[in-house]
Amino acid sequence: MSPEGPDLGKKKDPGEEPAAEGDTKLAQAESGDDRTRETISQILRSDHPAVVTVLAVICAMIVGAILIVVSDDATRSAAKYFTAAPGDTLTTGWDAVKNAYVALFEGAIYNPNGGQLLSPISETLVYATPLILAGLSVTLAFRAGLFNIGAQGQILMSAALAGYIGFAWDLPAGIHIIVAIIGGIIGGAIWAALAGALKAKTGAHEVITTIMLNYVAVFFINWLLTQTWFQAPPYQQAVSRPVDGNAQFWHLFGSGLRVNFSFVLAIAATVFVWWLLKYGTFGFRIRAVGSNQDAARTAGMSVAATYIGVMVIVGALCGLAGASQVLGEANNYHITASVDGGVGFTAITVALLGRGTSWGTFAAGLLFGALTAGSGQLQASTPTPPDLVQVLQALVVIFIAAPGLIRLIFRLRRSKSAGSAVLAKGWNG
Amino acid sequence: MKLELRGITKMFGSFTANDHIDLVVEPGQIHALLGENGAGKSTLMNVLYGLYEPTEGEIVVDGEAQKFNGPGDAMRAGIGMVHQHFMLVPVLSVAENVMLGDEYTRSAGMLDQKKARDVVSRLSKDYHLEVNPDVLVEDLPVGIQQRVEILKALARHAKVLILDEPTAVLTPQETDHLMDVMRSLKADGTSIVFISHKLREVRAIADTITVIRRGKVVGQAEPTASPAELAAMMVGRPVQLKVDKEPADAGEVVLGIDGLSVTAPTGQVLVDDVSLDVRGGEIYAIAGVQGNGQSELTEAIVGLIEPSAGRITLEGADVTDETTDKILGRGVGYVPEDRMHDGLVGGFSIAENLVLDTYDEAPFGNAISLNLSAISRNASERIDEFDVRTQSAESAASTLSGGNQQKVVLAREMSRPLRLLVVSQPTRGVDVGSQEFVHKRIVEERDRGTAVLLVSTELDEVIALADRVGVMYGGKIIGELPPTATAEEFGLLMAGQISDTKESA
Ligand SMILES: Nc1ncnc2c1ncn2[C@@H]1O[C@H](COP(=O)(O)OP(=O)(O)OP(=O)(O)O)[C@@H](O)[C@H]1O
Ligand SMILES: [Mg+2]
């Protein structure tokens with residue numbers, strides 16, 4: 001077979017291959033120019049995770065476009081006389097798709113004809129912050145072979161604690177916010193560590209326990225929001241008292257833009273997780289336990305202690321997400337039953353998209369944040385339902401989860417770096 | 001069926017695992033492949049079985065060039081393979097496993113379980129592959145699981161059967177049985193490609209031998225060639241097949257085991273009141289047929305399982321209840337029996353695997369962070385010292401050949417100051433050249449004053465290395481023999497028959 005020919009569809013079932021094959025033929029190109037071109041085409045034709053992810057996003061947008069057309073009233077009525085004037089259907093369809101994606105872009109990145117220049121970016125970052133933090137939490141759990149479905153509960157508990165410290169305690173500026181953040185970290189860490197301890201000591205599966213702890217957290221918040229020492233007067237709405245000014249994250253670019261210091265925390269957390277997995281001693285243990293428990297135990301690592309330890313960090317990351325929700329402007333400085341903003345479950349998706357790496361998760365969080373920010377503009381300026389955004393998110397994940405599909409569509413070569421290995425192993429325990 | 005491989009080349013990236021290999025397997029021939037660890041034997045067989053696509057070259061069956069897109073095509077062409085690591089579904093029965101991938105169905109898509117059972121019984125009878133078609137595979141010992149693999153290939157009418165290191169995990173009795181099976185298959189016209197590092201087996205069964213070194217065929221040999229000749233051909237230099245060692249200079253007791261018992265959760269007694277002492281500077285070997293409690297004994301010593309009774313001491317200190325981490329920290333090296341499962345993290349790089357139990361100690365790291373440059377320096381040193389054949393220290397351990405994986409585990413455990421070395425099946429799957437090296441290292445470790453507890457099912461290895469030998473049977477050490485005892489004496493004890501004269505307290 002020619003070394004450049006598509007390698008695709010050769011194997012009956014690519015999953016059956018015992019090991020990924022590397023077919024890279026880099027060293028051949030003679031001139032430097034040729035080599036660069038060769039390298040680029042290598043990257044584009046390989047199934048490097050970044051390439052697959054970008055292609056998955058493109059595929060999702062194409063399928064999304066079909067859905068936009070189908071759901072567009074104008075296009076549907078034009079389609080009724082499709083045979084008479086097919087051009088009408090095509091133009092209205094094209095317009096619907098174009099308007100929708102332009103609206104998403106304007107809402108998320110840059111809006112040439114509206115408002116403040118940086119406002120869309122600011123919104124994207126505000127939505128991305130908790131997604132990145134909670135996504136990192138799920139990613140880290142994946143690496144230890146744990147499936148953390150409990151981000152929602154961990155965020156709620158941490159938001160409750162951080163928020164309570166924020167409105168009930170009276171501390172000087174500077175100190176107050178730090179104490180509130182630490183409160184959030186502790187709240188999330190304890191909530192996750194509960195699941196970790198149950199797993200370590202009794203073998204209870206973390207998927208079950210974290211889901212159950214989500215319920216406990218939801219009902220606990222609902223109860224808190226009926227307590228006079230928690231609820232905001234006049235006790236009509238299920239809303240907590242507002243967080244004291246001393247405990248609010250300061251805005252990064254003036255109060256006109258909602259983006260605040262919590263985004264800096266998200267960057268710091270990403271660096272931390274990256275460092276932990278690459279250079280950290282505990283990260284080494286996490287990865288070893290996550291990929292071969294028996295070998296880890298034989299090498300003297302305590303699997304139980306690792307589970308508990310990693311869940312503390314996992315919960316702490318969600319704690320930061322909770323703190324950013326309640327101490328930042330995202331939820332108007334109040335605790336409500338929906339203070340988690342549905343981030344807990346989207347975080348799982350973000351982590352999947354991030355493919356087990358910290359910066360991958362960061363990028364995925366930004367993407368999903370942008371989509372969420374864009375959905376507002378979508379609703380405001382087009383007839384396309386804003387639910388499109390969730391459909392797009394789901395589609396991206398479907399394409400990611402089926403890398404074989406992407407390989408098939410784009411005729412990529414299977415390479416050594418091929419790997420959703422982490423994800424495939426994620427919940428094998 | 002005549003099988004020819006013509007100019008097969010297989011590259012992994014820029015690394016050539018097979019380099020223009022030609023091989024002819026005549027009908028009804030047992031063709032042995034010999035070669036060092038990482039020579040490319042398994043890779044070549046995976047190409048033949050359609051698992052890898054050759055970079056170059058062709059596979060010719062009865063004069064016709066073939067194109068295999070997967071094992072399905074290879075099977076249809078009459079090629080069957082039993083892998084170094086079995087590929088059975090543990091929760092299915094023997095009969096179900098045999099038909100898996102080629103299910104027999106009755107009308108309306110119902111599985112024809114009866115036919116599957118019949119096929120199994122018929123083939124079992126024809127080739128002495130006795131196995132009950134209705135038991136679950138997970139309940140079978142390894143030797144029998146291997147029979148299931150062979151049955152599976154035969155049920156698909158394999159005319160060429162590839163056996164990749166089939167005897168590495170077998171007891172001597174099972175090996176003898178397998179040889180019989182191979183002979184009856186051969187009598188039936190089936191050709192066999194047989195890979196093994198045990199020269200004795202190869203010489204006993206092969207019709208012809210092809211030797212591969214670093215991906216190239218270096219020559220053919222007759223089974224009448226002496227082991228020394230074969231070894232030299234494989235490795236490219238003369239190999240010392242016998243272990244040189246001085247009599248032991250035993251010192252203080254390092255490992256003391258007193259009345260140790262291990263009970264499975266099911267209540268089965270796996271280790272039964274074992275007492276033994278291993279002194280510094282001696283090699284105490286535990287011989288015996290696999291599955292007589294050896295694994296549990298070693299696991300209890302390093303704290304991986306909790307004994308139900310008894311006491312373990314290390315240089316006088318009671319370590320019965322200590323964690324594995326603490327015990328290893330006292331200068332204990334542990335080479336587990338199953339390297340893939342317990343010894344290595346397949347997804348980790350070789351460098352990382354080489355510090356799997358020292359990653360948090362100087363110089364490789366501290367409580368907080370790793371010292372990546374120290375880790376990679378250590379990796380290049382160990383790779384050189386133990387001659388691990390790999391493209392780079394950053395390659396995943398799972399890409400190593402079987403024997404090289406074993407070398408990584410040995411390199412890790414034997415390159416720090418030890419007081420006690422507990423080593424199970426140290427040369428399983430390791431080529432003769434490296435066996436020589438590993439044996440030398442174990443003896444060196446002994447001469448440095450380390451106590452060595454060796455568990456091996458290879459009688460040759462036990463006799464070559466041990467200063468004292470305990471035979472384990474049914475969870476007990478049923479007798480101790482000097483390594484000079486005859487194979488018959490060992491054989492009787494290993495079969496559980498205690499002769500009155502040699503019995504020890
Ligand atoms: N999937 C892979 N990717 C990269 N290199 C590989 C891969 N599979 C095998 N190799 C390399 O190819 C070489 C040959 O490996 P192979 O498993 O064929 O050796 P072998 O002769 O079977 O050795 P052993 O006797 O130890 O089993 C080794 O150096 C190994 O590291
Ligand atoms: Mg091999």
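Letters A, B, ... mirror the listed sequences (proteins, then strands); counts begin at 1.
Your options are B/A367, B/P336, B/G303, and the one with the most heavy-atom pairs under 4.5 Å with chain A is B/A367. In terms of heavy-atom pairs under 4.5 angstrom with chain A, the leader among B/V355, B/L356, B/D357 is B/L356. Of the listed residues (B/D342, B/I375, B/T324), the greatest number of heavy-atom pairs within a distance under 4.5 Å of chain A belongs to B/D342.
Using cut-offs of 30° and 60° on the angle between ring planes, the pair A/F147 and A/F142 is parallel.
Using a 4.5 Å cut-off between heavy atoms, B/V302 makes no contact with chain A at all. Of the two parts of B/I368, the backbone and the side chain both hold a non-hydrogen atom closer than 4.5 Å to a non-hydrogen atom of chain A.
Enclosure of atom CD in B/E306 is not indicated, since only 12 or fewer non-hydrogen atoms of other residues, nucleotides or ligands lie within 6.0 angstrom.
Each salt bridge (Lys or Arg N to Asp or Glu O under 4.0 Å) pair with one or both residues in residues 273-293 of chain A, not counting sequence neighbours, appears once here: A/R287-B/E352. Counting only residues at least two apart or in different chains, ring-ring contact (aromatic ring centres under 6.0 Å, His included) contacts with residues 322-372 of chain B comprise A/F284-B/F348, A/F284-B/Y359.
Looking at B/E322 and B/R330, a side-chain N of the basic residue comes within less than 4.0 Å of a carboxylate O on the acidic one, giving a salt bridge.
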